[in-house]
Amino acid sequence: MDCLFCSIARGEIPSTKVYEDDRVLAFRDIDPKAPFHAVVIPKEHIPSAAAITPENSAIVGHIYEVIAEIARQEKLDKGFRVVTNCGEEGGQTVGHLHFHLLAGRNLGWPPG
Ligand code: AMP
Ligand code: ZN
């Protein structure tokens, strides 16, 4: 399957790794929107947040455990934001479920 994040998860496309285990990979975003910007993905291909089902939703809980671990590792003590863009109007550009982890500046609210 031609999926950018599956290729990154397989190591075929290089990335700057922040965290990895058997189910999850986190790497630096190539076009960072904050001083710290990582993308956290399940290694399993799930197209978007709209494709979460009772069968595959356990990975979402694990990803939030991983996010808390990265926050400790990277000392994001002042706070951070987790964002999942979904679909065209949601701003999703890569069709593989991912969680943006942003920190290092005042992120503002609401998002644009
Ligand atoms: P989204 O627009 O929410 O689908 O997020 C996709 C994100 O992937 C964007 O923030 C891109 O900057 C990022 N991205 C695209 N290609 C790469 C890559 N090769 N390595 C790291 N991040 C990437
Ligand atoms: Zn994929």
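One-based numbering, in listed order, for ligands and for the atoms of each.
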* To do: Inspect the surroundings of CD in Glu89 and state if more than 12 heavy atoms from other residues, nucleotides or ligands are less than 6.0 Å away.
  => no
* Structure fact -> By salt bridge (charged side-chain N to carboxylate O under 4.0 Å, His left out), Arg28 pairs with (sequence neighbours left out) Glu74
* So Phe5 and Leu25, side chain to side chain contact (heavy atoms under 4.5 Å, CB included) or not? Walk me through it. -> CA-CA 10 Å; Phe5 286 175; Leu25 177 68; over 6 Å; no
* Asked: Taking side chain as C-beta onward, heavy atoms only, is Phe27 less than 4.5 Å from Ile41?
  -> yes
* Same cluster or not: are Val94 and Ile63 linked, directly or through other Ile, Leu, Val, Met, Phe, Trp or Tyr residues, by side-chain heavy atoms under 4.5 angstrom apart? -> no
* Cys6 atom SG and His45 atom ND1 as seen from the Zn ion (ligand 2), angle to 10 degrees -> 110°
* Within the protein, residues bringing a heavy atom under 4.0 Å of ligand 1, chain by chain -> Leu4, Phe5, Ile8, Phe27, Arg28, Asp29, Ile30, Asp31, Lys33, Asn85, Gly91, Gln92, Thr93, Val94, His98, His100
* Asked: Where do His98 and His100 land on the ring-ring contact (aromatic ring centres under 6.0 Å, His included) test, with the steps shown first?
  -> CA-CA 7 Å; His98 54 282; His100 297 266; 5.1 Å; yes
* Report the C-alpha distance between Glu20 and Val24 in whole Å, list the side-chain angles of each, state the deciding distance to 0.1 Å, and finish with yes or no for side chain to side chain contact (heavy atoms under 4.5 Å, CB included). => CA-CA 6 Å; Glu20 182 170 22; Val24 171; over 6 Å; no
* **Residue His96 atom name (nearest to the Zn ion (ligand 2); N/O/S)** => ND1
